[in-house]
Amino acid sequence: MEILVARHLGFCYGVMRAVEMVEKLVQAQDPVYTLGPLIHNPQAIARLADRGVRQAEEVEEIATGTVVLRTHGVPPALLAKTRQRNLTIADATCPYVKKAQREAEELSRQGYQVVILGEANHPEVVALSEWAGGALVISGPEEAANLPTLPRIGLIAQTTQSPETFHRVREILKEKSENLRLINTICRATDRRQEAAREVAREVEVVIVVGGKNSANTRRLLSIVQEMGRKGYHIEEAWELQPGWFAGVARAGVVAGASTPDWIIKEVVRKMEEMEEKRLENAEGEKKTEALPVQAEENPPEKKVAMEEGPPTAEPTSAGETQPGETEESGPAYDATFGELKPGDIVRGTVVKVEGDGVLVDIGYKSEGVVPIGELSRRRVEHPSEVVKAGDEISVFVLRVEGEEGTLKLSKRRADEKESWQRLVEAKETGAIIEGEALQEVKGGLIVDVGARGFVPASHVGRGYVADLSKYVGQKLRMKVLELDQPRGRAVLSQKLVLEEEHEKQRKETWDSLQEGQVRTGVVKSLTEFGAFVDLGGVDGLLHVSELSWGRVKHPADVLKEGETIQVKVLKVDREKGKVSLGLRQLLPDPWEKVAVKYPEGSVIPVRVTRLASFGAFVELEEGVEGLIHISELSDHRVAKTEDVLSPGQVVNAKVIKVRPADKKIGLTLRGVPQDTQAEEAAADADVGAKVEEPGQ
């Protein structure tokens, strides 16, 4: 099999500059931090971590030292916050990204609506959008077509975007704005790598795409290969290669993203060459075996039996001498006492030593194995003691066996992932619930840690639409397995299925126990103009606006807020239609019960006009208590229209002339009642009527 390596691959100038900058910084005494991953390649990040580079997600985590700004850049607010902490700043932002930030800021200053062509959740685009003061982000021509017509549009591309896509979007936006400004910030290095991938794909049957699974430019290379009708396999390291991919293949290609280190690319090519050499050796061996003539047995049957019973007893030897066939411990016979280990094996071992940069593990081999700190856990750790301690028995994955001494490089993280895959397979078969922490919000969903890397689509995070996925980051999710693709390391999970099953169970239990007249605890689910929907436990009930209070409520939001836990009374249950009517005011004191005592006939009180009618004016004495001033009681002289005397919201003094609590009616009059500013002042103290004292107080 011939192996073709792309003309352009591996570190671009921006990535090389960033890595070299950090490697120089770690030689100083001060601690070095990167805000987020420096580049999108986990192996390069792990190697930097081995050299002492620490990664912080928030600048508040850093007390002292040097802060390196990642190649994808940072938002202006974060940059300002970093400067305020008086930290040493090393700017490793890619020059292409830096240029895009300056252009975005300038377009915004000139009054353009900035439109970014890229991945909305990619760190480069997130930062770029903030430099633009808030941009519209589109992923391609389809979303560009849905944009509204705007007077001024400035189009900027994520540096890893395809030039073809950029030009197609440009043509669409020409129809959306009479003033379209184009800023082509596509990285030439990215473009060259994409073109090199096309060149290789034209010449081969299979293409190996090397780079981080979270790298946008590497994923784009895989898409290009597949668009050209070639088989493409995306790997991060050489050990992921599988011989079956090259069965019957005459030519295979290797391409790599701009954030892929040169040493990883070389390992991949070397591994492919070893696979091909082994295949040729096996093929040659098969030919020789077929050509050998059939020979008689070398040993007669009786000799064979004797050999099976055991070797002849050896004569005693002097100290230090060896018998034929024996060797000292460094010889082949000593080596043969150990089982053969190869990359990809998973074995059990005991932690014998914990150091700052990793741990030593005894697996019963010729030498102890080393687990670097970056291979201990999927998560970033400051010290190995956060994960293991001496004496712990752990499973480890064999990464490499090096040299005659059999030096081992091991990974606990990958062994955990392999074992976790088995648990995922079992969970998929049995429908079992598995737990995992949401690590990161990405485009279209959440990345979760279930021992292995899992993905929860946005539509499967909750029972309904989830607008803000970020609030789930750091939370434990309970999920079922939807889909597994182990060769691609793809595990798709759903919390929605778990929540739906639990909701249905809870809903049935609630319906079975729900009765009219009950007082239940519920959670305000949503607010509308006509009322609030309250979740009683899988069953939603309607709390009409008229049932919120004894007084008038303009909007439920004046009384309730979403997510609030409240007590409600069940007024009506219609199981056939699945409807439940609720009340809140029924649990509150009825103000009409003390009306006769608080407002006796003949008392003069301040009241507020609530509404006007042709026959008079309705006035509020206090919340929930409303009375009527008939048109004939508005003045000592004849009144033609109510609005000639009063207006809504006006506060006046009125005399109580009739009280009928049972009918919830109070009659009042303005005739003979002096009007002054005291009524307005009383109303300003609180709700009208709230300050009226009961007799005897």
Side-chain angles (χ1 to χ4, degrees), residues 9-12 14-15 18-19 34-49 53 55-57 68-74 92-94 97 118-128 137 139 158-161 187 190 193-194 208-225 232-237 240 255-261 264-265 268 374-375 377-380 411 413-414 417 436-458 469-470 473-474 485 487-493:
L9 77 173
F11 279 177
C12 63
V15 173
V19 172
T34 63
L35 275 177
L38 180 70
I39 61 175
H40 274 165
N41 185 275
Q43 289 73 36
I45 296 301
R47 177 171 281 199
L48 290 175
V53 179
Q55 183 175 310
E57 299 304 323
V68 181
L69 306 185
R70 62 196 298 178
T71 54
H72 299 110
V74 298
T93 306
C94 169
V97 175
E119 300 178 20
N121 293 316
H122 193 282
E124 176 190 327
V125 176
V126 171
L128 191 58
V137 181
S139 61
Q158 182 179 345
T159 55
T160 55
Q161 272 296 316
C187 175
T190 301
R193 280 153 182 75
Q194 292 177 1
I208 303 301
V209 182
V210 189
K213 296 290 176 64
N214 59 344
S215 167
N217 71 79
T218 306
R219 291 198 303 269
R220 177 60 188 148
L221 295 180
L222 180 64
S223 298
I224 289 172
V225 169
Y233 298 99
H234 186 175
I235 66 170
E236 290 188 349
E237 294 188 75
E240 298 176 63
V255 301
S259 54
T260 308
I264 289 183
I265 300 170
V268 170
E375 292 293 337
S377 172
R378 290 182 56 80
R379 307 186 183 202
R380 182 178 62 85
S411 170
R413 171 176 65 87
R414 300 186 201 200
E417 289 177 356
E437 182 180 342
L439 301 178
Q440 180 186 3
E441 177 189 358
V442 295
K443 184 177 182 179
L446 294 170
I447 298 299
V448 293
D449 181 5
V450 286
R453 182 184 175 92
F455 175 70
V456 182
L469 293 177
S470 64
V473 175
D485 186 348
R488 294 187 178 184
R490 178 179 173 83
V492 183
L493 306 112

For [X] and [Y], which heavy atoms make the closest approach, and how far apart are they?
X	Y	result
Ser411	Glu375	OG-OE1, 2.6 Å
Glu441	Asn121	OE2-OD1, 4.3 Å
Asn217	Ala258	OD1-N, 2.8 Å
Thr71	Ala18	CG2-CB, 3.3 Å
Gly211	Thr260	CA-OG1, 3.2 Å
Gly451	Glu417	O-CG, 3.3 Å

If you define the side chain from C-beta out and look only at heavy atoms, does anything of [X] sit under 4.5 Å from [Y]?
X	Y	result
Thr34	Val53	yes
Val209	Thr218	yes
Thr159	Glu124	yes
Leu221	Gln194	yes
Asn41	Ile264	yes
Ser139	Lys443	yes

[atom2] on [Y] to [atom1] on [X], rounded to 0.5 Å:
X	Y	atom1	atom2	answer
Leu439	Asp449	CG	CG	5.0 Å
Asn214	His122	CG	NE2	8.0 Å
His234	Ser215	NE2	OG	7.0 Å
Glu119	Gln158	CD	CD	5.5 Å
Leu38	Leu48	CG	CG	6.5 Å
Ile224	Arg193	CD1	CZ	12.5 Å

Listed partners of Tyr233 passing ring-ring contact (aromatic ring centres under 6.0 Å, His included), at least two apart: Trp245

Derivation and outcome, side chain to side chain contact (heavy atoms under 4.5 Å, CB included), residues Val448 and Phe455: CA-CA 6 Å; Val448 293; Phe455 175 70; over 6 Å; no

Salt bridge (Lys or Arg N to Asp or Glu O under 4.0 Å) evaluation trace for Glu236 with Arg453: CA-CA 14 Å; Glu236 290 188 349; Arg453 182 184 175 92; over 6 Å; no

Donor-acceptor under 3.5 Å (Ser259 side chain, Ile39 main chain): no

